[in-house]
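Quick note on labels: first sequence line is chain A, next is B, and so on, each numbered from 1.
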Number of protein chains: 4
Amino acid sequence: MNQSNPSELLTTRRDRRIERQRRQIMDAAAQVFAEKGYAATTTKDIALAADVGESTLYNYFENKRDILLGIAAYQEARLDKVFQQAVTMETRQQMVDVFVAVMDIVLSQSHYIRALIGEAWVNDEILNNHLVVRLSQISDFLQNFIAKRVASGAFRPVDARLGARMVIAEFIGAILPALRGVEPQPDPRQRRELAEGIIALWIDGVNNGNFR
Amino acid sequence: MNQSNPSELLTTRRDRRIERQRRQIMDAAAQVFAEKGYAATTTKDIALAADVGESTLYNYFENKRDILLGIAAYQEARLDKVFQQAVTMETRQQMVDVFVAVMDIVLSQSHYIRALIGEAWVNDEILNNHLVVRLSQISDFLQNFIAKRVASGAFRPVDARLGARMVIAEFIGAILPALRGVEPQPDPRQRRELAEGIIALWIDGVNNGNFR
Amino acid sequence: MNQSNPSELLTTRRDRRIERQRRQIMDAAAQVFAEKGYAATTTKDIALAADVGESTLYNYFENKRDILLGIAAYQEARLDKVFQQAVTMETRQQMVDVFVAVMDIVLSQSHYIRALIGEAWVNDEILNNHLVVRLSQISDFLQNFIAKRVASGAFRPVDARLGARMVIAEFIGAILPALRGVEPQPDPRQRRELAEGIIALWIDGVNNGNFR
Amino acid sequence: MNQSNPSELLTTRRDRRIERQRRQIMDAAAQVFAEKGYAATTTKDIALAADVGESTLYNYFENKRDILLGIAAYQEARLDKVFQQAVTMETRQQMVDVFVAVMDIVLSQSHYIRALIGEAWVNDEILNNHLVVRLSQISDFLQNFIAKRVASGAFRPVDARLGARMVIAEFIGAILPALRGVEPQPDPRQRRELAEGIIALWIDGVNNGNFR
DNA sequence: AATGAATGAGTTTTCATTCAT
DNA sequence: AATGAATGAAAACTCATTCAT
């Protein structure tokens, strides 16, 4: 690591400082957006949460909306990484592992996700560019996962599309209370149990064989 | 001008007119709240949608928030009626019927529900008094429904609480895209198929007996 | 004046009230714009001068710029009327009359003109749409006026374009000090003398016949 | 590193560098002031145009206004030089020469002048200290020039004050379009023709002897 | 009962200036 | 000397609410 070019180093250092500050602001903003929603959050709220002057925000973001978009963009990178590991999923146990992994990620940055979901509820741009895109990927993967097992006879001839949507719904249903803050975040053991319970229900249903 | 009981009649007529106007305003407001969210909606938006002057709103509601609360209260009455019929649910077919009935109600007043969900996402008062209350009732009923069948041996020994939450999640997952407006509302036949598919999955799972 | 349609009357009255208020704001704004320039004038300045709340401005104009454009548009109507009488100009005496008439108009609404000139100095839109347009009309008329007299032998073979520009320059040079406020506005007698002096100089020059 | 007189030399070199930088900033600022006007120009605009950091401006000027005053002061020096040669003006030809000389100077630094005129329009300090002062000198000189020729019988008995103001107005009217940027700057030949035309008109008028 | 108009209290955003490096 | 970053003060503009009619 012989640093022959000092100016390059300086630039890097400066860039890192800027990036750190940007992230700190996004972090504070995501927190407030999550609690009050984007529209009800004032730049003053954000500045207070980020512990900077209100005008300082504008050294890092064009405007308030740009902070939201920054949050959304930053989020993408982190989420995309996780979904890649889903590809290896084969056995019931691996499904549980992936489930837990995604839950970990989502809950570890819950205020980012909560902020985005809240805005996506009223904002088509955020919805389509940041949530629908991602959910479609997941849904496609799951549909394929189901269809293959239906073909092999491992699964009953269920509608792959509906099946995929239901897993997603169950997953969301499982974490939503914690995301929204009505329930505390589950600890690691609870997460695994939750995941196992959901997967078991999804695979085997509730029926003992004689309910009709 | 034959008024057998002028004062009583007038009051009644007047009350009805007032109530009609209130409802018209709530309807218009719910529409706008659903689209833009409560915080981003201005009283001007509401007045325009309701086709009245902005200050006229204040003859029917204390303030902007009061319109939201009015919407929430109005909603309760309508929803409560539906849930009562759920009590009779016994067979798989009856489950489907209830499912469809609730779906019909929810989708028929989708902008009310959409408005409330949006606000509940950031507003604990709305969340607790209007959504959690209702979902708890449903969850309690479902847990009991499941527990009884587990006890009778009709269902496998599943966690009743988790089972209940999963039905709810699946139901919500099924109608959310239409509620949010990313998908068109399903027609009656599609609703029944959807309900049947979900119930079938929930009861029997995807497993063909040999997936582990 | 049998007013058979009361609603029409009401509308008219209301419209008149709105128009009066708009004009009052434009008047106050023109005053401040003239003194400080558009950019240095705050909406607070305007509101104070118009004796209304700052937010009231926005009931009558979209934004600050719109007030300026309102002033410009309002100005057009008044100026255009004057220039029409110029067409009759034939004799030296009539030239003086027109000169005085235009001077009267311009000085009677000096703060409007001063505001516009100030902004036209830095704003191409205002310059082209409101000053150049008008000056071109005048210049065209004058060029024609000169060309005809050159053709008839009444004038020496001067360049009509230059001649026209020079009358305009002389006129502006005559009123500019009063417009800008460095000199008091000339009284009617002074205006006539000024007009006569300028026309005389323009027609006959300074030469006594032997300066070369 | 042979410095015969290190401290003196350094100071001098340093002073020159400082002066060069000041001038560069004033030049950039004048350019932007000319285009947008002083009030609408931000320090960021100036810094960008001068290609320095925003805070660097404050090493050379007290504040934004000080830059404007610097421009005004710098301008004086350059203009004063020119007016001195006017004293020699005697013949018609010499008048044209002076006219052209002043036109050259003014147009060569048009953005300085344009910036100052723009600000003088709304700022009495700039107007009086920088424009009126100068124009008064010129006017005085011209009045004297005219009065002498009226006394000698070379000129008709015109009002010297009005005559002076008219030459000035004609000069300004001739270069204003180029100054403001609505017309391209005239090339040297055009300048001479313009000057000759104006002087001719001023001296001999348009009359062919029989217009009244 | 309906509403046009006015506005105070904020909200977002801008910008000249300072300061630490 | 140069400047990136921070910011107080103020700008333009918004909006829920009131009030007179």
Side-chain angles (χ1 to χ4, degrees), chain A residues 10-11 13-15 17-18 21-22 25 39-47 50-67, chain B residues 14 17-18 21-22 25 39-47 50-67, chain C residues 10-11 13-15 17-18 21-22 25 39-47 50-67, chain D residues 14 17-18 21-22 25 39-47 50-67:
Chain A
L10 272 172
T11 312
R13 215 176 255 154
R14 201 179 141 253
D15 284 358
R17 188 156 32 103
I18 290 178
Q21 181 73 304
R22 266 182 71 92
I25 290 172
T41 298
T42 68
T43 49
K44 194 180 178 186
D45 290 333
I46 301 172
D51 196 31
V52 296
E54 220 173 324
S55 44
T56 302
L57 300 178
Y58 292 86
N59 290 336
Y60 296 91
F61 297 91
E62 286 279 309
N63 50 40
K64 187 183 153 191
R65 170 141 299 260
D66 197 36
I67 302 181
Chain B
R14 199 171 151 261
R17 201 182 26 182
I18 289 178
Q21 181 74 302
R22 267 182 69 90
I25 290 172
T41 299
T42 68
T43 48
K44 194 180 176 187
D45 291 333
I46 301 171
D51 196 31
V52 296
E54 215 175 327
S55 41
T56 303
L57 300 178
Y58 291 85
N59 291 330
Y60 296 92
F61 297 91
E62 286 279 308
N63 50 39
K64 186 183 155 191
R65 170 140 299 259
D66 198 37
I67 302 181
Chain C
L10 272 172
T11 311
R13 217 177 255 154
R14 200 180 141 250
D15 284 358
R17 189 156 30 103
I18 289 178
Q21 180 74 302
R22 267 182 70 91
I25 290 172
T41 298
T42 68
T43 49
K44 194 180 178 185
D45 291 332
I46 301 171
D51 196 31
V52 294
E54 217 174 324
S55 44
T56 302
L57 300 178
Y58 292 87
N59 290 335
Y60 296 92
F61 297 91
E62 287 278 309
N63 49 42
K64 187 183 152 190
R65 170 139 300 258
D66 197 36
I67 302 180
Chain D
R14 198 169 152 262
R17 201 181 29 182
I18 289 178
Q21 181 73 304
R22 266 183 70 90
I25 290 172
T41 298
T42 69
T43 48
K44 193 180 177 185
D45 291 333
I46 301 172
D51 197 30
V52 296
E54 216 174 328
S55 42
T56 303
L57 301 177
Y58 292 85
N59 291 330
Y60 296 92
F61 298 91
E62 286 280 309
N63 49 41
K64 186 182 155 191
R65 170 139 299 259
D66 198 36
I67 302 180

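- Looking at residues two or more places apart in sequence or on another chain, you find a side-chain contact (heavy atoms from CB on, under 4.5 Å) between Glu62(D) and Asp66(D).
- In this structure, Gln21(C) does not reach the dG4(E) phosphate: none of its side-chain N or O atoms is under 4.0 Å from OP1 or OP2.
- Note that CD1 of Ile25(A) is 11.0 Å distant from OH of Tyr58(A), once rounded to the nearest 0.5 Å.
- Across all non-hydrogen atoms, the minimal contact from Ala39(D) to Ala39(C) is CB-CB, 3.7 Å.
- Interatomic distance, Ile46(B) CD1 to Leu57(B) CG, rounded to the nearest 0.5 Å: 6.0 Å.
- The nearest heavy atom of DNA chain F to Leu57(A) and to Asp51(D) marks one nucleotide each, and the one closer to the 5' end goes with Asp51(D).
- Between the C1' atom of dT14(E) and the CG atom of Asp45(D) lies a distance of 12 Å, rounded to the nearest Å.
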Letter by letter from the 5' end, nucleotides 14-21 of chain F scores (B base, S sugar-phosphate only, - none; protein heavy atoms under 4.0 Å) BBBBBB--

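- At the heavy-atom level, Ile18(A) lies under 4.0 Å from the strands shown only through sugar-phosphate atoms.
- A distance of 3.5 Å separates OG1 of Thr43(D) from CD of Glu54(D), quoted to the nearest 0.5 Å.
- With hydrogens and angles ignored, a donor-acceptor pair under 3.5 angstrom links the side chain of Asn59(C) to the base of dA6(E).
- OP1 and OP2 of dA1(E) both lie 4.0 Å or more from every side-chain N or O belonging to Tyr60(B).
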Pair pattern of DNA chain F in dot-bracket, where unpaired bases get dots and | marks partners in another strand, Watson-Crick or G-U under 3.5 angstrom: .||||||||||||||||||||

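- By the side chain to side chain donor-acceptor pair (under 3.5 Å) test, Thr42(A) pairs with Asp45(A), sequence neighbours left out.
- Minimum interatomic distance between Tyr60(C) and Arg22(C) (heavy atoms only, all atoms of both residues): O-NH1, 2.9 Å.
- Applying the salt bridge (Lys or Arg N to Asp or Glu O under 4.0 Å) criterion to Arg65(C), with sequence neighbours excluded, gives Glu119(C).
- One can place CD1 of Ile46(D) at 12 Å from P of dC15(E), the figure rounded to the nearest angstrom.
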Given side chain to side chain contact (heavy atoms under 4.5 Å, CB included), test Asn59(C) with Gln21(C) step by step and report yes or no. CA-CA 10 Å; Asn59(C) 290 335; Gln21(C) 180 74 302; over 6 Å; no

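- Here the P atom of nucleotide dG4(E) and the CZ atom of Arg22(C) are 18 Å apart, to the nearest Å.
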